[in-house]
*Asks:* 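Have a look at this one before I ask anything.
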There are 2 protein chains.
Amino acid sequence: MYLDKTSIVIVDDHSIVIEGLKSLLDGDPLDVLGHFTSGNEACDFIERERPDLVLLDINLPDVSGIDLCRKIKAMAPETKVLVLSNHNERNIIMQTLQNGANGYMLKNISKQGLLQGISAVMAGEIHFCNEIGGIISKPTKYELGDPPYLTKREKQILRMVADGETTQEIASRLNVSPLTIETHRRNLHHKFQVKNVAELIMVANKHQLL
Amino acid sequence: MYLDKTSIVIVDDHSIVIEGLKSLLDGDPLDVLGHFTSGNEACDFIERERPDLVLLDINLPDVSGIDLCRKIKAMAPETKVLVLSNHNERNIIMQTLQNGANGYMLKNISKQGLLQGISAVMAGEIHFCNEIGGIISKPTKYELGDPPYLTKREKQILRMVADGETTQEIASRLNVSPLTIETHRRNLHHKFQVKNVAELIMVANKHQLL
DNA sequence: ATAACAATACCCGACCAGAGGTATTTTCGA
DNA sequence: TCGAAAATACCTCTGGTCGGGTATTGTTAT
């Protein structure tokens with residue numbers, strides 16, 4: 001490995017995307033050390049090889065890319081993490097940044113955009129592609145904050161509500177009092193700050209909890 | 001162009017994916033004639049060049065890949081269309097087939113899977129990757145049929161319901177009787193075959209109507 | 001022009017959800 | 001082991017939803 005080359009690891013569950021990135025990147029000042037379709041394999045390799053940069057997808061089969069980002073930063077703080085994702089939701093972008101990502105770009109990026117992003121990140125900047133910059137700077141009233149923390153029981157009941165089950169039906173399926181389910185439902189409404197089921201299901205969907 | 005080579009056109013809005021496919025495919029018996037990130041450009045090229053095969057994404061910036069598939073088949077019936085998509089919803093797969101696609105594969109396909117698919121399609125078969133085969137063969141009760149036809153008013157009211165507005169609120173905002181809104185809501189339930197709001201919002205979301 | 005569909009409106013009864021409380025028992029991590 | 005959090009349960013009252021009808025007026029495409 002030459003000192004003047006930037007060593008790169010690619011993590012993406014689509015081998016087509018990995019091929020595309022390799023063919024776009026593996027050249028002059030860049031060196032693709034390895035590529036992985038699952039988070040855990042990638043984790044071991046990154047800990048050993050300490051690459052300069054990880055190109056990371058959010059949707060992985062085993063662990064969330066957001067968690068993997070935090071792990072990488074804990075193991076190898078000097079390794080830069082540039083997230084490449086299809087998600088343009090504000091809360092997902094924010095979560096990656098809070099977990100140490102050095103940049104976030106959408107996958108419909110051009111070759112130039114990608115190379116610019118990589119050099120920006122390697123120069124120590126936090127870098128976004130244009131669309132993402134716009135999303136971060138204008139938090140609209142329809143954008144989401146952090147998803148609320150839900151207990152196991154609440155998640156379970158949320159799913160049953162989403163399946164169209166009534167309070168009574170849920171209660172008898174879980175062998176508890178309907179009054180208990182009503183309490184859980186009220187707590188869900190408070191946590192999501194909504195006032196009825198329709199809104200509840202909408203925001204739970206936006207938070208990808210269903 | 002040699003007679004023994006299969007000429008291919010790639011249509012995908014992600015240049016990374018295009019690069020990946022090119023590097024995986026452009027070799028021995030295959031020849032990538034061209035690649036496009038928008039449907040209309042691709043359309044003109046395909047009409048002129050009559051490739052043997054089009055690798056087609058469903059999500060395009062200008063037209064739906066489903067519509068483009070029908071167009072291609074109308075212009076050049078001998079050209080095979082192999083859809084490469086991230087969607088695994090039954091109704092989307094079915095729509096592409098009804099519009100003439102010769103195969104459907106998920107983008108997390110391996111190189112071998114991709115080459116197998118291409119040769120199967122070129123041999124005249126209708127080909128699916130394994131996951132898709134499973135989805136087609138077992139239509140579960142959670143799978144979607146065709147989305148129901150909704151009138152303007154119904155779409156409008158559906159959106160207002162999804163925003164958490166009650167029947168009374170909707171009625172006064174639209175200056176009609178609450179009883180009218182109740183009728184519309186009941187019609188929505190019948191069209192979607194659901195029995196309450198929670199289910200309504202869920203299936204409307206699955207149909208991407210919200 | 002006429003049939004089909006959309007939008008409007010009404011009735012009734014049964015049931016469910018929502019908002020506000022309070023309180024007990026269980027579970028689980030520090 | 002002890003305290004916090006989770007899960008359970010109850011109360012009241014108001015309002016909303018849901019299911020089954022029927023019926024009148026517009027619209028619109030054939």
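Per chain, numbering begins at 1; letters A, B, ... match sequence-line order.
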*Asks:* Quickly work out the Gln193(B) CD to dG19(D) P distance and round it to whole Å.
*Replies:*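 Taking atom P of dG19(D) as the reference, CD of Gln193(B) is at 13 Å.
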*Asks:* The side chain of Ser177(B) is closest to which nucleotide in this list: dA7(D), dA6(C), dA9(C)?
*Replies:*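 Nearest listed nucleotide: dA9(C).
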*Asks:* Do Lys107(A) and Asp12(A) come within less than 4.5 Å of each other through their side chains, counting heavy atoms only?
*Replies:*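 A side-chain contact exists here, since the closest heavy-atom pair is under 4.5 Å.
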*Asks:* Between Asn187(A) and Ala198(B), which is nearer to the 5' end of DNA chain D once each is assigned its nearest nucleotide?
*Replies:*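 Nearest nucleotide further toward 5': that of Asn187(A).
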*Asks:* Mapping Asn196(B) and Thr180(B) onto DNA chain C by nearest heavy atom, which one lands closer to the 5' end?
*Replies:*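 Nearer the 5' end of the strand: Thr180(B).
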*Asks:* Can you check the Glu154(A) CD to dT8(D) P distance for me, whole Å?
*Replies:*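 These atoms are roughly 11 Å apart.
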*Asks:* Quick one: which of dA9(D), dA7(C), dT17(D) gets closest to the side chain of His184(B)?
*Replies:*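 Output: dA7(C).
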*Asks:* Thinking salt bridges, do Lys22(B) and Glu19(B) make one under a 4.0 Å N-O criterion?
*Replies:*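 Answer for the salt bridge query: yes.
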*Asks:* Tell me which nucleotide among dA9(C), dA7(C), dA7(D) gets nearest to the side chain of Thr183(B).
*Replies:*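 The answer is dA9(C), which lies nearest to the side chain.
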*Asks:* I'd like to check Leu21(B) versus Leu84(B) (side-chain heavy atoms, cut-off strictly below 4.5 Å). Are they in contact?
*Replies:*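 With C-beta onward as the side chain, the pair touches.
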*Asks:* Would you kindly give the CD-to-C1' distance between Glu169(A) and dA17(C), to the nearest whole Å?
*Replies:*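 Value for this atom pair: 14 Å.
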*Asks:* Mind checking Gln168(B) for me? I need base, sugar-phosphate or nothing, with any heavy atom below 4.0 Å counting as a touch.
*Replies:*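 Result for Gln168(B) = sugar-phosphate.
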*Asks:* Are any of the side-chain heavy atoms of Asn108(B) and Glu131(B) separated by less than 4.5 Å?
*Replies:*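 Side chain of Asn108(B) against side chain of Glu131(B), heavy atoms only: contact under 4.5 Å found.
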*Asks:* Please tell me if Thr151(B) has a side-chain N or O lying less than 4.0 Å from either OP1 or OP2 of dA7(C).
*Replies:*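 Looking at the OP1 and OP2 atoms of dA7(C), one of them is under 4.0 Å from a side-chain N or O of Thr151(B).
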*Asks:* Among dA6(D), dG18(C), dC10(D), find the nucleotide with the atom closest to the side chain of Val197(A).
*Replies:*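 Of all the options, the side chain of Val197(A) is nearest to dG18(C).
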*Asks:* Send over the distance from Arg153(A) CZ to dT26(C) C1', rounded to a whole Å.
*Replies:*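 Between C1' of dT26(C) and CZ of Arg153(A): 12 Å.
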*Asks:* 5'-most contact on DNA chain C: Lys152(B) or Leu179(B), nearest heavy atom basis?
*Replies:*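 By nearest-heavy-atom nucleotide position, the 5'-most residue is Lys152(B).
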*Asks:* In terms of side-chain heavy atoms, does His14(B) have a donor or acceptor partner in Asp57(B) at a distance below 3.5 Å?
*Replies:*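 No pair is found: no donor N or O on one side chain lies under 3.5 Å from an acceptor on the other.
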*Asks:* Taking the side chain of Arg185(B) as its heavy atoms from C-beta onward, which of dA9(D), dT17(D), dA7(C) lies nearest to it?
*Replies:*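 The answer is dT17(D).
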*Asks:* Under 4.0 Å, heavy atoms only, any strand: does His189(A) hit a base, just the sugar-phosphate, or nothing?
*Replies:*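 It contacts sugar-phosphate atoms only.
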*Asks:* Can you tell me how far C1' of dG15(D) sits from CD of Glu182(B), to the nearest Å?
*Replies:*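 Roughly 12 Å, once rounded to whole Å.
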*Asks:* Any idea which of dA7(D), dA9(D), dA17(C) is nearest the Val176(A) side chain?
*Replies:*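 For the Val176(A) side chain, the nearest candidate turns out to be dA9(D).
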*Asks:* Just the rounded figure in Å: distance from P of dC18(D) to CD1 of Ile157(B).
*Replies:*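 To the nearest whole Å, that distance equals 14 Å.
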*Asks:* Would you kindly give the CD1-to-P distance between Ile170(A) and dC16(C), to the nearest whole Å?
*Replies:*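 In whole Å, dC16(C) P and Ile170(A) CD1 are 12 Å from each other.
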*Asks:* Round to a whole Å and report the spacing from CZ of Arg186(B) to P of dA7(C).
*Replies:*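 Rounded to the whole Å, the gap is 15 Å.
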